[in-house]
Amino acid sequence: MKSKVLVSLLSDGQVHSGERLAAELGVSRTAVWKQVHRALNEGFEIETVRGRGYRLITPVDLLDADEILGALAAPFRSSISLNVLDEVDSTNTEVLRQISMGVVGVPVAIADCQTMGRGRRGRPWRSPRGENLYLSAGLTFQGGFSALDGLSLALGVAVAETLEELGVPGVRLKWPNDIFLPDGKLGGILVELQGELQEGVVRVIVGIGINVHMSRADDVDQPWSSLAKNSPRSAWSRNQIASALIGSLLESAEVFAGKGFPAFRDPWQARDMFRGRQLVAQSGGVVGVGCGVDEQGNYLVGAEGGVVPVRAGEISLRVAV
Ligand code: BTN
């Protein structure tokens, strides 16, 4: 976003004179006028108030690294390497790039928009500019790949608890790692396993997408939700949500490293969308009734012949309609 500084100066919604903007930006008034036009082309609604200056009509929620870091507890602040980007292919890919460049600390990438955001099962993840939160972090764990059983579910609990602490009611988890509100999917978690670094040390890239301000999604083929759909837009700050999520992600990763998924099982079950519902496999076959998850994070389905554990990735489940 080329006009980010201008938009950030106007983000208070007040009228700013061209003269003052020129002084603040260190450019001529003609250059201010050009920047206003560029911002208009980028989709911002800026009103020219005759004889007084410019005013941003639609509120914006700009990402700001200092604000995100400032709201983080000191130990977390010093343990991460935060990269806030205007635009990126995928924040998960960006974290990989940071790692290959030898970043120090836990790499965290956040972007205003993604051009190739990806979801689970190779699906694209809708990532419009300025609307939602796209956040990834590179985490390492001891104990080999088997120690990662249930990690994505544990992170789902971390995201759900964070949203609840921010005042979002009705957060539910859809196995294996979708975040739901009563009116549809609010977000998702993509855990990508990287190779073993050294004996038993494995790295994962965790990507979290949360719909924050999104009010349209014509090409999404399932019920979706956003925080703004459930309460007024001005109430949500992506910086505040990002800080809270980073803190909770790091804290949960530490608990998971020590205790594994069992420490998250009860809070996961408490938010289970499938429990007691009749489930069908995505392929159409009737499976049985949702009975929660086991200690490895497999979904337990009460079928005719008994309880059957389903592994994430084996089949995909949905509620029968
Ligand atoms: C899903 O529900 O399918 C998972 C969606 C994960 C989307 C996030 S947005 C940040 C990170 N970067 C990506 O490309 N994907 C994840």
Side-chain angles (χ1 to χ4, degrees), residues 61 63 68 80 82-99 106-139 151-160 162-163 171-181 183-194 203-214 217 219-227 236 238-239 241-246 248-250 253 268 271 273-274 282 297 299 312-318:
D61 176 20
L63 291 172
I68 295 170
I80 67 167
L82 177 65
N83 198 358
V84 177
L85 300 129
D86 182 41
E87 180 176 304
V88 75
D89 44 4
S90 154
T91 50
N92 270 33
T93 310
E94 176 59 27
V95 163
L96 272 179
R97 278 192 289 266
Q98 290 180 28
I99 291 167
V106 177
V108 178
I110 301 176
D112 196 40
C113 74
Q114 298 184 117
T115 53
M116 290 176 67
R118 51 183 186 267
R120 289 181 63 243
R121 299 172 166 263
R123 295 195 194 103
W125 184 255
R126 212 172 174 280
S127 310
R129 176 177 292 286
E131 304 246 315
N132 302 325
L133 192 62
Y134 319 112
L135 181 154
S136 300
L139 303 172
L151 173 65
S152 68
L153 280 77
L155 298 175
V157 171
V159 173
T162 306
L163 293 169
V171 183
R172 291 283 170 272
L173 295 168
K174 177 170 166 261
W175 184 86
N177 43 14
D178 286 349
I179 318 293
F180 265 73
L181 287 185
D183 58 342
K185 181 163 168 171
L186 176 74
I189 301 171
L190 177 70
V191 175
E192 295 181 318
L193 305 186
Q194 300 302 306
R203 171 175 284 139
V204 295
I205 312 293
V206 175
I208 302 171
I210 304 285
N211 300 334
V212 181
H213 299 295
M214 198 157 77
D219 47 350
V220 175
D221 58 359
Q222 59 172 319
W224 60 273
S225 185
S226 72
L227 298 177
W236 298 109
R238 288 185 298 166
N239 295 322
I241 302 167
S243 293
L245 275 179
I246 295 169
S248 137
L249 196 67
L250 297 179
W268 198 94
R271 298 173 177 86
M273 256 181 75
F274 282 163
Q282 210 69 33
Y299 202 80
E314 257 173 20
I315 57 170
S316 139
L317 296 171
R318 63 180 168 83

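Side chains are part of it too, since the values below use all heavy atoms of this structure and drop only hydrogens, waters and symmetry mates. We count ligands from 1, going down the list as the structure has it; atoms in each ligand are counted the same way.
With rounding to the nearest 0.5 angstrom, the CH2 atom of Trp236 is 13.0 Å from the CG atom of Asn132. Note that CZ of Arg118 is 4.0 Å distant from CD of Glu192, once rounded to the nearest 0.5 Å. For the atom pair CD1 of Ile208 and CG of Leu249, the computed distance is 4.5 Å after rounding to the nearest 0.5 Å.
Among Asn132, Asn92, Thr91, the residue whose heavy atom sits closest to atom 10 (C) of ligand 1 is Thr91. The heavy atom nearest to atom 9 (S) of ligand 1, considering only Gln114, Lys174, Arg121, is found in Gln114. With distances taken over non-hydrogen atoms, the option nearest atom 14 (O) of ligand 1 out of Ala137, Gly187, Ser90 is Ser90.
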Test side chain to side chain contact (heavy atoms under 4.5 Å, CB included) applied to Leu133 and Ile110, step by step: CA-CA 7 Å; Leu133 192 62; Ile110 301 176; 4.1 Å; yes
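Nearest protein heavy-atom neighbour of atom 5 (C) of ligand 1: Trp125 CE3, 3.4 Å. The protein heavy-atom contact nearest to atom 2 (O) of ligand 1 is Lys185 NZ, 2.6 Å. Looking at atom 15 (N) of ligand 1, its nearest protein heavy atom turns out to be Arg118 O, 2.7 Å. Distance from atom 3 (O) of ligand 1 to its nearest protein heavy atom, with residue and atom name: Arg120 N, 2.7 Å.
The residue from Arg172, Arg318, Lys185 that alone fulfils the salt bridge (charged side-chain N to carboxylate O under 4.0 Å, His left out) condition with Asp178 is Lys185.
Proximity of Leu135 to Ile246: side-chain heavy atoms (C-beta onward) are separated by under 4.5 Å at one or more points.
Atom numbering of ligand 1 starts at 1 in the shown order; those under 4.0 Å from a heavy atom of Gly119 are 1 (C), 3 (O), 4 (C), 5 (C). Those atoms of ligand 1 that come under 4.0 Å of a heavy atom in Leu135, given as number and element, are 10 (C). Set against the non-hydrogen atoms of Ile189, the atoms of ligand 1 under 4.0 Å away are 4 (C). Each of the atoms 2 (O) of ligand 1 lies under 4.0 Å from some heavy atom of Asp178. Of all atoms in ligand 1, listed by their number and element, those nearer than 4.0 Å to a heavy atom of Gly117 are 14 (O).
A 6.0 Å sphere centred on CE of Met116 holds no more than 12 heavy atoms belonging to other residues, nucleotides or ligands.
The aromatic rings of Phe274 and Tyr299 stand perpendicular to each other, their planes meeting at an angle above 60°, with 30° marking the opposite boundary.
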